[in-house]
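We count residues from 1, following the sequence as given. Bear in mind the structure is a predicted one, so any value in this text is a computation, not a measurement.
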Amino acid sequence: MSDIELRHLRYFVAVAEELHFGRAAKRLRLAQPPLSQQIRKLEEIVGHALFTRTSRAVKLTSAGEAFLDRSRRTLRKVEEDLEEARSVGRGEIGFLKVGFIGSSMLTRLPATLGRYHRQFPKVNLQLKEFHTSGVIGALLENTLDVGFLRDSGPTEGLDVEPLFSEPFIVVLPSKHLLAKRKTLTGAELRDEPFVLFTPLASQRAWEKTVSICEAHGYRPNVVQEAPQWLTILRLVDAGLGVSSAPACVQRIATPDVACRRLALAAGSRQSNARPHPCSDIELAHRTGDTRPIVKTFCTLARTSLRNDLRGTALEINSRNRIV
């Protein structure tokens with residue numbers, strides 16, 4: 001016995017809705033004889049007549065009425081399945097696990113995530129906060145699909161690309177003598193105690209921060225470590241030390257904390273490189289992961305975050321605030 005094909009169902013539905021073989025054939029852009037042959041073949045497969053035919057009318061039999069409802073349901077379901085497959089192929093549906101570092105929430109990243117959610121509402125976007133080292137580990141362990149990092153650099157097994165850079169700033173108590181200055185260099189912090197994040201969060205990011213001091217011939221005297229920038233700022237506010245942070249951190253600074261521009265002094269070991277030390281926000285996914293949902297997300301993130309040429313390279317205005 002031959003199997004039913006989708007075209008048989010489409011032919012049957014057209015005849016059932018028109019109740020006229022000529023009109024149905026015209027609707028289907030077929031000649032009437034082939035249509036009649038296919039309907040007879042369908043009836044043979046079903047084992048019952050689906051239509052009663054007279055010289056004056058075509059009517060559905062009881063079996064035909066029951067089969068019409070099921071045929072419409074089948075065709076509708078096939079179309080829905082096809083559209084869902086197309087959506088998956090375009091990266092518009094599915095589950096996407098995205099990791100991020102806390103400080104990235106102080107940049108344009110939240111707006112980018114909101115844009116993605118609005119543009120692809122059928123994607124179940126699952127977000128989780130980590131340190132950079134945690135994002136890298138979760139990507140390599142296949143528990144994340146995409147990650148936003150800070151100053152991670154190349155990692156075997158991952159494709160890592162910088163999205164934008166932002167300058168470092170000096171964070172110090174507002175009553176500190178150096179707070180009267182609008183711009184500071186690492187050399188002026190030589191005798192200051194430092195409050196920094198732990199190198200376990202991101203060894204390379206920690207080394208980049210420390211290199212600001214090393215460029216002037218010394219290593220910072222780190223007296224306190226904290227896991228979150230909010231904690232670091234509160235410890236600075238309490239007078240335990242100063243810190244160097246990405247510019248976006250100023251967004252959560254209180255009036256008791258001063259944020260000042262950090263520049264490299266002439267003659268420092270880095271002065272021939274960037275004019276100002278910068279921190280990079282990066283996008284990462286597993287090498288070889290070509291799933292459309294990952295590619296679509298990365299394309300949107302790349303476009304959204306790079307379109308603003310300033311990124312979060314924030315500037316200090318006349319009131320010495322980051323804008």
Side-chain angles (χ1 to χ4, degrees), residues 86-168 201-202 204-205 208 229 245-251 273-274 276-315 322-323:
R86 294 184 186 113
S87 295
V88 171
R90 294 190 296 263
E92 298 174 353
I93 193 170
F95 290 84
L96 187 68
K97 294 169 287 186
V98 177
F100 62 91
I101 55 171
S103 62
S104 66
M105 290 292 104
L106 304 175
T107 71
R108 287 171 44 83
L109 179 58
T112 297
L113 295 174
R115 177 183 173 188
Y116 178 81
H117 177 66
R118 290 188 297 273
Q119 191 166 336
F120 302 102
K122 293 184 179 180
V123 172
N124 187 335
L125 186 61
Q126 301 175 348
L127 304 172
K128 190 169 183 180
E129 181 177 353
F130 296 86
H131 292 301
T132 289
S133 59
V135 175
I136 292 173
L139 284 169
L140 293 174
E141 293 169 4
N142 203 27
T143 57
L144 283 180
D145 300 310
V146 182
F148 291 95
L149 320 168
R150 184 181 290 280
D151 296 324
S152 70
T155 300
E156 185 176 356
L158 299 181
D159 287 350
V160 181
E161 60 177 297
L163 291 176
F164 59 85
S165 299
E166 55 180 327
F168 281 100
S202 174
R204 188 170 180 271
K208 180 180 280 192
W229 282 112
C248 66
V249 170
Q250 191 274 340
R251 293 175 183 263
R274 288 175 169 175
H276 301 283
C278 291
S279 177
D280 300 319
I281 290 289
E282 300 151 325
L283 176 66
H285 61 82
R286 281 181 299 282
T287 300
D289 190 345
T290 59
R291 289 175 296 157
I293 195 170
V294 171
K295 294 176 67 175
T296 298
F297 179 86
C298 290
T299 297
L300 184 145
R302 195 178 296 119
T303 302
S304 177
L305 290 169
R306 287 178 177 170
N307 268 350
D308 185 350
L309 297 180
R310 289 173 58 190
T312 52
L314 307 175
E315 299 176 353
I322 305 295
V323 295

Taking only residues two or more places apart in sequence, or in another chain, which ones meet E129 in a salt bridge (charged side-chain N to carboxylate O under 4.0 Å, His left out)?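 None.
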When you compare the side chain of D145 with that of F297, does any pair of heavy atoms fall below 4.5 Å?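 A side-chain contact under 4.5 Å is absent here.
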Using the test side-chain hydrogen bond (donor to acceptor under 3.5 Å, both in side chains), find all partners of [X] that sit at least two apart in sequence or belong to another chain.
{"X": "Q119", "answer": "none"}
{"X": "T112", "answer": "S304"}
{"X": "R86", "answer": "none"}
{"X": "R286", "answer": "N142"}

Would you confirm whether D151, through its side chain, and D280, through its main-chain N or O, come within 3.5 Å as a donor-acceptor pair?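 Judged by distance alone, yes, a pair lies under 3.5 Å.
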[atom1]/[X] to [atom2]/[Y] distance, rounded to the nearest 0.5 angstrom?
{"X": "T107", "Y": "R251", "atom1": "OG1", "atom2": "CZ", "result": "8.0 Å"}
{"X": "E161", "Y": "L283", "atom1": "CD", "atom2": "CG", "result": "5.0 Å"}
{"X": "L113", "Y": "F148", "atom1": "CG", "atom2": "CZ", "result": "6.0 Å"}
{"X": "R302", "Y": "F164", "atom1": "CZ", "atom2": "CZ", "result": "14.0 Å"}
{"X": "K97", "Y": "I293", "atom1": "NZ", "atom2": "CD1", "result": "10.5 Å"}
{"X": "I281", "Y": "L109", "atom1": "CD1", "atom2": "CG", "result": "8.0 Å"}

How close do [X] and [Y] get, heavy atom to heavy atom, and via which atoms?
{"X": "H285", "Y": "C298", "answer": "CD2-SG, 3.9 Å"}
{"X": "G153", "Y": "R204", "answer": "N-NH1, 3.6 Å"}
{"X": "A284", "Y": "L139", "answer": "CB-CD1, 3.8 Å"}
{"X": "I136", "Y": "S152", "answer": "CD1-CB, 3.9 Å"}
{"X": "F168", "Y": "P246", "answer": "CD2-N, 4.0 Å"}
{"X": "P292", "Y": "G89", "answer": "CB-O, 3.1 Å"}

Please tabulate, for the side chains in residues 98-106, all donor-acceptor contacts under 3.5 angstrom to protein atoms that are two or more places apart in sequence or on a different chain.
| residue | atom | partner | partner atom | Å |
| --- | --- | --- | --- | --- |
| S103 | OG | R150 | NE | 3.1 |
| S103 | OG | R150 | NH2 | 3.0 |
| S104 | OG | I101 | O | 2.5 |

Check side-chain contact (heavy atoms from CB on, under 4.5 Å) between [X] and all other residues, then give those that pass, not counting sequence neighbours.
{"X": "S202", "answer": "T132, A205"}
{"X": "N124", "answer": "F95, Q126"}
{"X": "T287", "answer": "D159"}

For F120, which residues count as a ring-ring contact (aromatic ring centres under 6.0 Å, His included) partner, sequence neighbours excluded?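 Applying ring-ring contact (aromatic ring centres under 6.0 Å, His included) to F120 gives Y116.
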